[in-house]
Amino acid sequence: MWVLQTPPIVRQGPFQSHLSCTSRVLSRFRVAFVSLNPSADPIKDSKSDNNRLIQSLCKEGNLKQALQLLRSVRNPTQQTFEQLIYCCAQQNSLDGGLDVHRCLVNSGFDQDPFLATKLINMYYEFGSIDHARKVFDETQERTIYVWNALFRVLAMVGCGEELLDLYGQMNWIGIPSDRFTYTYVLKACVVSELSVCPLRKGKEIHAHILRHGHEANIHIMTTLLDVYAKFGCISYANSVFGAMTAKNFVSWSAMIACYAKNEMSMKALEMFQLMVLEARDLLPNSVTMVSVLQACAGLAALEHGKMTHGYILRRGLDSILPVLSTLITMYGKCGEISMGQRVFDKMKSRDVVSWNSLISIYGMHGFGKEAIQIFESMIHQGVSPSYISFIAVLGACSHSGLVEEGKVLFESMHSKYRIQPGMEHYACVVDLLGRANRLDEAIELIEDMHFEPGPTVWGSLLGSCRIHCNVELAKRASTMLFELEPRNAGNYVLLADIYAEAKMWNEAKSVMRQLEARSLPKLPGCSWIEVKRKIYSFVSVDEYNPQIEELHALLIKLSTEMKQQGYVPQTNVVLYDLDEEEKESIVLGHSEKLAVAFGLINTVKGETIRITKNLRLCEDCHAVTKFISKFANREILVRDVNRFHHFRDGVCSCGDYW
DNA sequence: ATAGGGTTAG
């Protein structure tokens, strides 16, 4: 939380002298005013008129004159103060706000709960949370509006601990929560770092809501659904959704967003179908469509994406910026940069997010130079880069190995654009240096960081150690990672991989034993392919796939051909102690190869095969796909968890650098 | 008087 440095609110003493020194100015003003209305009695009638005049000055945004006039009014009304407060908030004038606050106290409105809520909101607009809290503390008669106003502020800035403490006090006093209170308290669980388990707290509040008979309130229940969604508790979210007696399009959108954000894109699309077909009276809006597009992007389902684009056009939602940014990203993630570019070119107005979307799709396809050019033309057109612009452009550099360019950009971030590099930027640069085998520079950068490096930074380093087989540095990175995220199985697998690569079998085995002892869930490798608007998914060594025999036969045939041309299966990714033949069969059963084989069988010649994968592409799959692209004369597009690979005629667009 | 779902990266 950040708080503006502001002078304290003074009630007596200095306040009086301040008034007396400004009253001279005001008396001059009053003369001017009165002279404009010669018929009015200068003292008596100006009272109500001045109130009205202040209010209209406020509405015009003329804060300065309104404040001057305020001094001359003997009895300002509640409405006058309300308008003044709005005006200060709108003009972002903290000084004005403090001034109004002082006058308000002096006029005896300091215990008015209505104005207290207005003041709390005003101070929130200025970012002065301490002032907002002070208003709350000094108000004796705390109506539910006053409580809710402060709850709203605390939830917005992420002071969940403070909010929950106050909420406890409120319950203790016996003030009943209303439907607004619950939404703020729920939101606080998501946005704040709590000392108690936030999910548990959420469930507790869920119980309060049910106990007090709010289960039919659509706002509360939708917020609750969203809270569970943000914690990744899909089944809880779904059961809240199912239990809702009335659902509107926001509830549906929240449920779709829940699936889209929790790697259940397929479910999200199904939900959208249901919404369109079953809940006909509920029209999806732009917010709904953003989540639907994200789901299409998640699956790299180009046909679904195009259909969704068509729907957006028909519904006239194609001029809404967030929709367009998401469309650009969707096309990029479906492998169609040119379509993304076309959406961007057609836009009538663009914001920094639109630019960021374009930069990042070029980046993930390995067009680093182009991404930098776009970044530069954005600046040239007067759009200042944001925190995320730098993540996008630095990421682009690291996918293309543009080390020097990336370093210059990283340097310019603070010196030229006054943006403090955050964790994500460090993670990008560590990745950039690490991939280029400049591991010593990478570790130097980590040591120079002005805050504690988090798991993403060490993760980048460990990934680079994997590529360049640096055991010593890998030990250091993994020690940190095991401490920071002990439940992430991926780190153990990566370290074991590195040991295996270095033929340190005992160490590799011991890491895997540790992993098993902790019984952590390992993310299974999974690949998808869209064929004729249907999405098919594959897991490694997929015994239940109805076409598995046919797929295997094709892969064995291909692998035999490849071996004749000098291909050697790269089985070192298999960490189990098996003989070479068994290892080969495991590698040949990788989900990505099954998806490629499925694509070869089920699509026509000349059609691009598009595959998505939830992990990084393994070396063997990479080598095999290169071969197949030449042998079968097919373009194959693979999106792994980091980036795109375009395979054509035996080469990959990543230049074997990924 | 106050409220619910979303945009870009990794």
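Checked against dG6(B), dG4(B), dT8(B), the side chain of Ala257(A) finds its nearest nucleotide in dG6(B). For Phe249(A), counting side-chain heavy atoms from C-beta on, the closest listed nucleotide (dT8(B), dG10(B), dG5(B)) is dG5(B). The side chain of Ser357(A) has dT8(B) as its nearest neighbour among dG5(B), dT7(B), dT8(B). Considering only side-chain atoms of Glu424(A), the nucleotide from dG4(B), dA3(B), dA9(B) that sits closest is dA9(B). Closest to the side chain of Val250(A), from the set dT8(B), dG5(B), dA3(B), is dG5(B). In the set dG5(B), dT8(B), dT7(B), dT8(B) carries the atom at the smallest distance from any side-chain atom of Ser360(A).
Of the side-chain N and O atoms in Gln294(A), one or more sit less than 4.0 angstrom from OP1 or OP2 of dT7(B). Here Lys230(A) does not reach the OP1 or OP2 of dG4(B): none of its side-chain N or O atoms lies under 4.0 Å away. Contact between the side-chain N/O atoms of Lys187(A) and the OP1/OP2 oxygens of dG5(B) is found at a separation under 4.0 Å. A sub-4.0 Å separation between OP1 or OP2 of dG6(B) and a side-chain N or O of Ser291(A) is absent.
Remark: Met255(A) CE to Thr222(A) OG1 distance equals 11.5 Å, nearest 0.5 Å.
The aromatic rings of Trp147(A) and Phe151(A) lie tilted to each other, with the angle between the two planes from 30° to 60°.
Between the side chain of Thr223(A) and the base of dG4(B) there is no donor-acceptor pair of N/O atoms closer than 3.5 Å. Between the base of dG5(B) and the side chain of Thr288(A) there is a donor-acceptor pair shorter than 3.5 Å. One N or O donor and one acceptor, one from the side chain of Asn248(A) and one from the base of dG4(B), sit under 3.5 Å apart. Under 3.5 Å, the side chain of Asn285(A) and the base of dG5(B) form at least one donor-acceptor pair of N or O atoms.
The CG atom of Leu317(A) sits 19 Å away from the P atom of dG5(B) (whole-angstrom rounding). One can place NE2 of His309(A) at 18 Å from P of dT7(B), the figure rounded to the nearest angstrom. If you take CD1 of Ile328(A) and P of dA9(B), they are 11 Å apart, rounded to a whole angstrom. Here dT7(B) presents its P atom at 21 Å from CZ of Arg350(A), a figure rounded to the nearest Å. dT7(B) atom C1' lies 9 Å from atom CD1 of Ile388(A), rounded to whole Å. Atoms CD1 (Ile256(A)) and C1' (dG5(B)) sit 10 Å apart, rounded to a whole Å. Put simply, CG on Asp178(A) is 12 Å from C1' on dA1(B), counting in whole angstrom units. Atom CD in Glu82(A) sits about 8 Å away from atom C1' in dA1(B), given to the nearest Å.
If you check every strand for non-hydrogen atoms under 4.0 Å, Ile218(A) touches a base. At the heavy-atom level, Asn148(A) lies under 4.0 Å from base atoms of the strands shown.
Ring stacking holds between Tyr145(A) and dA1(B), with the centres under 5.5 Å apart and the planes within 30 degrees of each other. Here His219(A) does not lie in a stacked arrangement on the base of dG4(B), lacking the combination of planes under 30° and ring centres under 5.5 Å apart.
Considering only heavy atoms from C-beta on, Arg142(A) stays 4.5 Å or farther from Met170(A) through its side chain.
Geometrically, Lys247(A) engages Phe241(A) in a cation-pi contact defined by less than 6.0 Å to the ring centre and at most 45° from the axis.
Ring to ring, Tyr228(A) and His206(A) are close: their centroids are under 6.0 angstrom apart. Checked against a 6.0 Å centroid threshold, the rings of Tyr387(A) and His425(A) count as neighbours.
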